[in-house]
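The structure appears right after this line, and notes come after that.
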Amino acid sequence: MKSPLYRHLSRRNLLGNAALLALLSPVLRQLEARAQAPLSPRRIVLLFSPNGPMKVTGPASGTETAFTLHDWWKPLERHKAEGIFMSHMSPAGAGVVNGTGHALGGQSYSGYGGGGGGDSYAQNGETIDQVIGKRLEQEGRAGLVRSVVWGNSSIEQSSGAGGDAFASGPGRSIVPETSPTAAWRQLFASLGNAAPMVGGERSLLDFVASDCQSLQLALGNQGRALLDDHCTTLRSMERNFVAPEMGRPQCTRPDPVADRTWHNPEHFEPQSAAFHDLIAATLACELTHVVGFQFACQAARNRLPASYGVPSSAKVDSGDSGPAHHPWSHNDDSQPKMDALRIFTTAYATQVAALLDKLKSTNDALGKPLLDSTVVLWLSELGGSETSSDPHLTRSVPAMLFGNGQGVFRTGRYIKGPSAMSRTAAGTQAAQLLVSMIQYMGLTDINTVGVTKASGPLPFLYA
Amino acid sequence: MTRLQPGICEHAPRVYGSGAALIALLAFQACSSLPIPSEPLTAPEAAPTTPVPVAVVDLAPSALRRLSRDELLTSMQVLVGAAPARAELPSEPRQPHQLLRTSAVPLIQSELAKLYETIKAFAAAQAPAMLKRTGCTQTGEAQRDCLRSWSQGFAEQVLRRPERPEEAAKYLSILSTADGTAEADQGAMQWLLGALFYSPSFVYRTEIGTPLVDAPSRRMLTPSELAAKLSFLSTLGPPDPQLHTLATAGTLADGSARIAEFERLRNTANGKRALSVMLHEWLGANESKLELKSAAYQNGLTPTFPADIRTQADKFIASILSSPEPTVGSLLTSASYVSDPVLAQLTRASLESGVPTGDVPTYQRIGLLMHPQVLSAHTKDNGASPFQVGIFLKSALLCEKVGAPPEGATDLARTDAPAGLSMREALDYKTSAQTVCTTCHAQFAPLGYAFMAFDPVGRFVTQDPSGKAWDLSGSLSADGQELPFASPAELARTLAASRQVQICFGRTALEWSLGRALSAADVARLPTLESTAVNSGGNVVAILKSLIGAPEFAEAQSPTSEVP
């Protein structure tokens, strides 16, 4: 009797396998080539706009693949193919987490609810940019800094309630850098410096990181925990402080940004343009992979340049007035109210479109457009509806995702969310949207966000 | 006409005014002819001593304290002779109606990034001057050694500790490029200054202490920690040589020695500023909000008004604290600042804000509560803000917290107010829909109504928008009694005489010295402190001396489980 091995090695088997191999070899070669093609690191930009459209439901309508952008979001028309446009959403965890109105909308990126520490609007937990950034840092994938948080104005500058859009913990909102000049200095001033400068700064960082560690050792467990973030940040700064030729991708340092009173509304356009350039340069140089950006804070009384023609609101019950976003959300319905809200929404959409243009036209270290590997998520604090005058609408919230994430997401679609039927269901979907972002950035072990009790990513996003 | 929207039952910045009523400008009517008391109102001699409940947090005290912006700036000014602009430093996290917390509040990444950029720029700017100060004029390695030798003493001052053995090599590395040429030496000095001012040892201070031999569960602050604690409380800056010497000699272990040093330091320029900052923080007014007010209110104010009014407030406080009666009462009732020329921009008769304003004899402006620096810290950017002001008064002066409004509270507001109501009547009507609204608002609205006539920057609006006479009267619940008042000045005098206010201030001073909310472990200290507060008539200096002289001042408060 012939052995199993003999049968396996029979001429028939050998010839058959050889034929199969010949047939499949082109496919195998292609697979091998694809496996070897480098992928760009994944990046994420999280955008927050205050208040909301209030009086219209956006950003789109129609069917999934045959849809029309609402006029107020028309500046994004040229990016239709790159976007997933979602209407009828709610802030993450609506119906489950604490908070209503601005308190709920203001925590759109955390899922921990609003209201705590004596402030009925303050966020109750860290936002996902921090979750992602810290993990990347732990895994040595963060870049020079864990994340950056920038914006057109902060709560200190334009007034509002609660805090700014991003938070590092309960009641610890992160004050965004609103000066492109300062943002440039923080990230780019040392890049490309001559060796003595590099050496000096590296010695500085080594000294302070070592001091931090010594201080941690002097403190007990609670003290060590308190300083953990501080010391980790310093160590990251020291570790990542390498000249481009020593490992960071070649990148061109952008020119310094001349200073001006950046949070003056009249400088909205140059400020936004400067930040778009900086975001692109920061991502291309892999100084970070996580960007948070707010047009303004929760319930912001932010303004636009006078040339935009925003009408001036009379004083409303919330006490504010003028050509600002928030007071118009509290006005009775009128044509000037519609005009004002349209101008604000369209202004935000215009800037988002410009940012996407910049990400498309800037290449990363692999020579690919940044937008290929960057996902841009734009969330609005509150919603909008033609049939409601509620100034704190947490239904019908628009959300938009741009960038297919190197084939991960299926773009060019419109999805209608469930808030018309169930605010809780819409809040769950919004939480799953955040989970999708977290998982896109490689944290695939994280299946929920905040205290939303949502589970898993948002299925309809994927290719 | 703007329809009034729901949203009354809350005290956040988005509060209410009678928008329609503010539009109309009616003929001026005679104000109330209430007499202005010539003597301050005093509480009855035999006032019942109802205990003031203590709010404590269930959080163990920490050994780590972050330097506030004011402390960072003062420290750099003392050490280098210059400091960055305050706005260039990361702002501290704050909660509404809460004293600034510096204990257990580490810097987060975004704050570290901002601080780093500021320190680097500051170091670069100061390097040439600091280089001159070293007196080092060598070349090559000798120059490096000279700078290294100088840096040891300077670093010890900045970091408030001796050099660690492993740091010697690091200093040499930082200074390695120094060679006697201007550019190289300035570069080295820049990195040295940057390293020192960005070090956690500079940015934080510790209260770790060492265990007592015969009672290991108690820890006494080390001499340098004790000197730092006293110095930062007294001056917002690091210990001076005299304090450092006394600390090293163990003298500061004695409470009376600490009190003597406090007395010396409080009379320095930094000492006066430190007490002014503490009092501004007590009243929630250390961060100016004047520039956030609507444009109409800025009309007629000079561009330097925010800075000038702060300077004026500092001057007023300094004058009270150096007077024979440096009391909370004096701070709340003295009118000595009103005649300052800076105030004239607000007190003169004017239509600059769109409505008639100007101080009137019937409603006398007195004390810090009516100072623009304090008023503007609690007003919205537009319109009247009685609810915010009321909550501030309850919280800061009476130590009574007002809870957050319930969810959906804004939807309960009544929106159908009849025409012709005064501002006060309209607000009362709005908040009268349900018991849950009236009960909550009753806690603070009466106090806030007393200040209703002040606009967001502190001008006195001469008449109610409805044309009716102002009703700024009310009743203060304090000291176990209901104490009526007819005007904001009467309220200020009543608060000034209140034992509850004195006790509350004492607790606030303790919280300020600790950099945190009171914990259960602090309760035992309160009887002595409160007794001092009441017996001294709310004497600010006496209260601080009581704190500083107490044995607990020299103890580390952190639990033994926290430190190795």
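Within every chain, numbering begins at 1; the chains are lettered A, B, ... in the order of the sequence lines, protein sequences first and strands thereafter. Just so it is clear, the model here is predicted, and its values are computed rather than measured.
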So which part of [X] gets closer than 4.5 Å to some heavy atom of chain B, the side chain, the backbone, both or neither?
X: A:L187; result: neither
X: A:S179; result: neither
X: A:E177; result: side chain

Atom group of [X] that falls short of 4.5 Å from chain A, counting heavy atoms:
X: B:K401; answer: neither
X: B:S201; answer: both
X: B:I108; answer: both
X: B:E287; answer: neither
X: B:S199; answer: both

- Please determine, among A:G163, A:C212, A:S147, the option with the most heavy-atom pairs under 4.5 Å with chain B.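 Between A:G163, A:C212, A:S147, the count favours A:S147.
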Mind listing the closest non-hydrogen atom pair of [X] and [Y] along with its distance?
X: A:L204; Y: B:I174; result: N-CG1, 4.3 Å
X: A:Q186; Y: B:A113; result: CG-O, 3.7 Å
X: A:A182; Y: B:E117; result: CB-OE1, 3.6 Å

Do [X] and [Y] make a side-chain contact, defined as non-hydrogen atoms from C-beta onward lying under 4.5 Å apart?
X: A:D229; Y: B:L112; value: no
X: B:E167; Y: A:F207; value: yes
X: B:P200; Y: A:L234; value: yes
X: B:S176; Y: A:S203; value: no
X: B:F202; Y: A:V208; value: no
X: A:D206; Y: B:S173; value: no

Approximate separation, where rounding is to 0.5 Å, of [X] [atom1] and [Y] [atom2]:
X: A:S159; Y: B:K293; atom1: OG; atom2: NZ; answer: 7.5 Å
X: A:R185; Y: B:T118; atom1: CZ; atom2: OG1; answer: 7.5 Å
X: A:L226; Y: B:L107; atom1: CG; atom2: CG; answer: 11.5 Å
X: B:E166; Y: A:S210; atom1: CD; atom2: OG; answer: 5.5 Å
X: B:L64; Y: A:L227; atom1: CG; atom2: CG; answer: 5.0 Å
X: A:D211; Y: B:L159; atom1: CG; atom2: CG; answer: 6.5 Å

- Task: Give the C-alpha distance, both sets of side-chain angles, the deciding distance and a yes or no for side-chain hydrogen bond (donor to acceptor under 3.5 Å, both in side chains) between B:S91 and A:E156.
- Result: CA-CA 10 Å; B:S91 45; A:E156 289 177 346; 3.1 Å; yes
- Item | Evaluation steps, salt bridge (charged side-chain N to carboxylate O under 4.0 Å, His left out), between A:R172 and B:E111 | CA-CA 11 Å; A:R172 291 294 301 267; B:E111 293 170 335; 3.2 Å; yes
- For A:T233, does its backbone N or O pair with a side-chain atom of B:Q109 as donor and acceptor, under 3.5 Å?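 Between the backbone of A:T233 and the side chain of B:Q109 there is no qualifying donor-acceptor contact (under 3.5 Å).
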- Message: Please check if the number of heavy atoms outside A:E266 that lie under 6.0 Å from its CD is greater than 12.
- Response: yes
